[in-house]
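I have placed the structure first, in the form of structure tokens, so that the comments after it can refer back to it.
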Amino acid sequence: MGSVNREKGKRDGTMSETANGAVQLVDELLESSLESVDHAEEEAVKAATEMGFDEEELHKIGIAVRESMVNAVVHGNRYNARKKVHFEIRRSDSDLTIRIGDEGDGFERQEVADPLAEENILKFSGRGLLLIEAFMDEYRTEARSPRGTQVTLIKRKPVSETTQA
Amino acid sequence: MSVKISMRQVGDVTVVDAAGRITLGEGAITFRDTIRDLAAKGNQKVLLNLGEISYIDSSGIGELVSGFTTVRNQGGALKLVGLTKRVQDLLQITKLYTVFDVYDDEATAVRSFA
């Protein structure tokens, strides 16, 4: 595996607490590469493991982060070496929040073809957002300034588990 | 670990045993090349055993669809056997469970090509 080239990273240093009490575990600028996709997935699964999510949820979180990173690297930044992926992980007692931002031209969710429509069912691509939305509790996209798209993924622990954590 | 693929013949059915991960990049390319090569060589009965596939992303799902249509366009059929729960769930979410012929056991799957 090649280098991920993190330009900033807080995982191995001090963790910072945000205004709402969440703890920021990761705050990195990543290269637009498939190695960064693997790295982000590993970091997210590591954080989710520490929060006590079960195996199936870890798998879902991993896929959702992977698909979001692929969107940022491939469709957003188009593998452009000058463009970075902004990657953050935060946790609170109940929520795992992952933010992934690209520096691309942006996209409109409603312009993405429905992969479940009969005419699209045999297409080779276009299912990433469907999986992200199926696997996470919350998925938001917003424009980044000055350019690009930021997606926010949130996974919540079941209430019964958060009281034990 | 990327995908590992091996092939064997059961009668006139080519069984493709895939293990590991089918994801964007090396895994998806290896998988695609394998199926295209089989189709180009005239294999019309392809059974894809996914029992040892631990992980598949949307690119991997796309390669399953690509393989399905590639073999079908050659007049053949690509069917699936041994799906893990995770792969089953992915095919349900993407509605591809209704597209693929899916079998629980290999013997039944092989007989279905007759």
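Note on naming: letters A, B, ... go to the chains in the order of the sequence lines (proteins, then strands), and numbering restarts at 1 for each one.
- Interface summary for chain B: among A:Leu116, A:Leu34, A:Val74, A:Val70, the most heavy-atom pairs under 4.5 angstrom belong to A:Leu116.
- From A:Glu56, atom CD reaches atom CZ of B:Arg86 across 4.5 Å, with rounding to the nearest 0.5 Å.
- Taking a 6.0 Å sphere around CD of A:Glu119, one finds it holds more than 12 heavy atoms contributed by other residues, nucleotides or ligands.
- Residues A:Leu153 and A:Leu129 are members of one and the same hydrophobic cluster, defined by side-chain heavy-atom contacts under 4.5 angstrom among Ile, Leu, Val, Met, Phe, Trp and Tyr.
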Exercise. Would you sort out whether B:Arg72 and A:Leu122 count as a side chain to side chain contact (heavy atoms under 4.5 Å, CB included), showing the intermediate values?
Key: CA-CA 12 Å; B:Arg72 189 177 68 173; A:Leu122 287 179; 3.6 Å; yes

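- The environment of CD in A:Glu55 is sparse: at most 12 heavy-atom neighbours from other residues, nucleotides or ligands sit within 6.0 Å.
- By the 6.0 Å contact criterion, CD on A:Glu138 is enclosed, its count of non-hydrogen atoms from other residues, nucleotides or ligands being greater than 12.
- B:Arg32 has its side chain out of reach of A:Phe124: every pair of non-hydrogen atoms, C-beta onward, lies at least 4.5 Å apart.
- Note on B:Ile5: it clusters hydrophobically with B:Leu78, by side-chain heavy-atom contacts below 4.5 Å among ILVMFWY residues.
- No donor-acceptor pair under 3.5 Å is formed between the side chain of A:Glu67 and the backbone N or O of B:Asp57.
- Around atom CD of B:Glu52, no more than 12 heavy atoms belonging to other residues, nucleotides or ligands sit under 6.0 Å away.
- B:Val46 and B:Val110 fall into different hydrophobic clusters, where Ile, Leu, Val, Met, Phe, Trp and Tyr residues are linked whenever their side-chain heavy atoms come under 4.5 Å apart, directly or through other members.
- Dense packing is recorded around CZ of B:Arg8, with more than 12 heavy atoms of other residues, nucleotides or ligands lying under 6.0 Å away.
- Most heavy-atom pairs under 4.5 Å with chain A, from the set B:Thr98, B:Leu64, B:Val99, B:Thr23: that is B:Thr23.
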Quiz item: So A:Arg127 and B:Lys95, side chain to side chain contact (heavy atoms under 4.5 Å, CB included) or not? Walk me through it.
Solution: CA-CA 11 Å; A:Arg127 298 179 178 85; B:Lys95 286 193 176 176; over 6 Å; no

Practice problem: Tell me, with the steps shown, if B:Leu96 and A:Ile121 meet side chain to side chain contact (heavy atoms under 4.5 Å, CB included). | Solution: CA-CA 7 Å; B:Leu96 288 169; A:Ile121 202 81; 4.2 Å; yes

Exercise. Show the numbers, then the answer: is there a side chain to side chain contact (heavy atoms under 4.5 Å, CB included) between A:Phe135 and B:Leu90?
Key: CA-CA 10 Å; A:Phe135 287 162; B:Leu90 288 173; 3.8 Å; yes

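- The line from CD1 of B:Ile61 to OG of A:Ser125 is 11.5 Å long, rounded to the nearest 0.5 Å.
- Under 4.0 Å is where a charged nitrogen must lie from a carboxylate oxygen, and between A:Glu41 and B:Arg21 at least one such pair does.
- More than 12 heavy atoms of other residues, nucleotides or ligands shown are found within 6.0 angstrom of CG on B:Asp105.
- Each of B:Ile56, B:Ile93, B:Thr69 has some count of heavy-atom pairs under 4.5 Å with chain A, and the biggest count is that of B:Ile93.
- For chain B, the nearby part of A:Lys123 is the backbone; its heavy atoms alone come within less than 4.5 Å.
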